[in-house]
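Reviewing the structure listed below.
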Number of protein chains: 2
Amino acid sequence: MFSINPQSGLPIYKQLMEQIRRMISSGQLKPGDNLPSVRELALTHAVNAMTISKAYNMLEAEGLLARQRGKAMTVSDNNQLSENKQDRLKRLQPALSQLTIATDQLELDIEDVITLLRNKVEK
Amino acid sequence: MFSINPQSGLPIYKQLMEQIRRMISSGQLKPGDNLPSVRELALTHAVNAMTISKAYNMLEAEGLLARQRGKAMTVSDNNQLSENKQDRLKRLQPALSQLTIATDQLELDIEDVITLLRNKVEK
DNA sequence: TTATGTGTATTAATACAATAATACACTAGT
DNA sequence: ACTAGTGTATTATTGTATTAATACACATAA
């Protein structure tokens, strides 16, 4: 469900926050849906439980998630959460910039990159 | 020449290291070429000089750069440095993965992403 | 009631990242 | 010699990230 990479240099809790935001944004996580438990995520990704909790905590502060003690964290249903295509494309910008900067610095042809991209998605 | 973002969560010195590696890999930086001075990069990117120095230092330890006290850091000429297309495409993998994961989680159509990518490169 | 499952809070410890300010060693041009 | 330009080292300080180990408050089902 999530892709956590402790070696990436990006703080784990930030990786998790961004990925949860995306899945809410797309509607794969809907208002009322339960999130995986802190301990479960900590186990499956070999990470400390408090690190997961920190991500949940901050998303709750943002209003994206709702907490009920003793129960699983859920996606908040107060807000208009899932976003239209244009909004979701905006969330892609950082990853897109990363790729174009790398493509440029490596002097690669964008069409080659696109071919690679298509292959990666198809499989 | 470089694109440094102190807010990205990624350590600044690692951002710089990776970007220098790419430009050497593509041949935009050739053996013997001078790199921008520590102080110049620090100024233009509003970053501490020692942070730049750390990146240079580690790349020197890797053998990519060569230092001569009192002179500018240069690209090392001992090694086989610039890489063929396939090798450079390999260096793109992390950025590609980032993008495909995000695309997936946002439930976006890969063709829309590719369109965005083309626009970004053309301009 | 008990057992097991939620998330949370706290404390301590460790490591890393970045900054500021200063000084040093060296090179090159004047 | 002087000056301005390299990279480097040092010290002190700040903030962040992560972990381990416990303990707490609450919910739910047996």
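Note on naming: letters A, B, ... go to the chains in the order of the sequence lines (proteins, then strands), and numbering restarts at 1 for each one.
Rounding to whole angstrom units, CD of residue B:Q7 and P of C:dT19 are separated by 10 Å. One atom, CE of A:M73, and another, P of D:dC26, lie 17 Å apart when rounded to the nearest Å. When the P atom of C:dG7 is taken as reference, atom CG of A:L43 falls 12 Å away, rounded to whole Å. What separates CG of A:L16 from C1' of D:dT18 is a distance of 14 Å, to the nearest Å. When rounded to the nearest whole Å, the span between CD1 of A:I4 and C1' of D:dA17 equals 14 Å. Whole-Å rounding puts the B:L35 CG to D:dG5 P distance at 19 Å. Look at CD on B:E40: it is 18 Å from P on D:dA4, rounded to the nearest Å. Look at CG on B:L10: it is 11 Å from P on C:dA17, rounded to the nearest Å.
Both A:L108 and A:L116 belong to a single network of hydrophobic side chains, linked directly or stepwise wherever heavy atoms of I, L, V, M, F, W or Y lie under 4.5 Å apart. Using a 4.5 Å cut-off between side-chain heavy atoms of Ile, Leu, Val, Met, Phe, Trp and Tyr, with links allowed through other members, B:V121 and B:L99 fall into the same hydrophobic cluster.
Both A:A46 and B:A72 sit near DNA chain D, but only B:A72 has its closest nucleotide nearer the 5' end.
One finds a side-chain N or O of B:K14 lying less than 4.0 angstrom from the OP1 or OP2 phosphate oxygen of C:dA17. Of the side-chain N and O atoms in B:Y13, none sit less than 4.0 angstrom from OP1 or OP2 of C:dA18.
Between B:E111 and A:R118 there is a salt bridge, since a side-chain N of the basic residue sits under 4.0 Å from a carboxylate O of the acidic one.
With rounding to the nearest 0.5 Å, the separation of CD1 in B:I4 from CG in B:L16 is 5.0 Å. Distance check, rounded to the nearest 0.5 Å: CG of B:L64 to CD1 of B:I24 gives 4.5 Å.
With D:dT19, C:dG7, D:dG7 as the choices, the nucleotide that has an atom nearest any side-chain atom of A:I12 turns out to be D:dT19.
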Sort me out a list of protein N/O and nucleotides 23-30 of chain C N/O pairs below 3.5 Å, or just none if empty.
from: C:dA28; atom 1: OP1; to: B:K71; atom 2: NZ; distance (Å): 3.2

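A donor-acceptor pair is defined here as one N or O able to donate and one able to accept, closer than 3.5 Å; no such pair exists between the side chain of B:E107 and the backbone of A:G27. At distances below 3.5 Å, at least one donor-acceptor pair connects side-chain atoms of A:Q28 with backbone N or O atoms of B:D104.
Residue A:L65 forms a side chain to side chain contact (heavy atoms under 4.5 Å, CB included) with just one option from A:N57, A:T74, A:L35, and that option is A:L35. The salt bridge (charged side-chain N to carboxylate O under 4.0 Å, His left out) test with B:E83 is passed by exactly one of B:R88, B:R91, B:R22: B:R91.
Within residues 47-54 of chain A, the residues having any heavy atom under 4.0 Å from DNA chain C are, by residue number, A:M50, A:S53.
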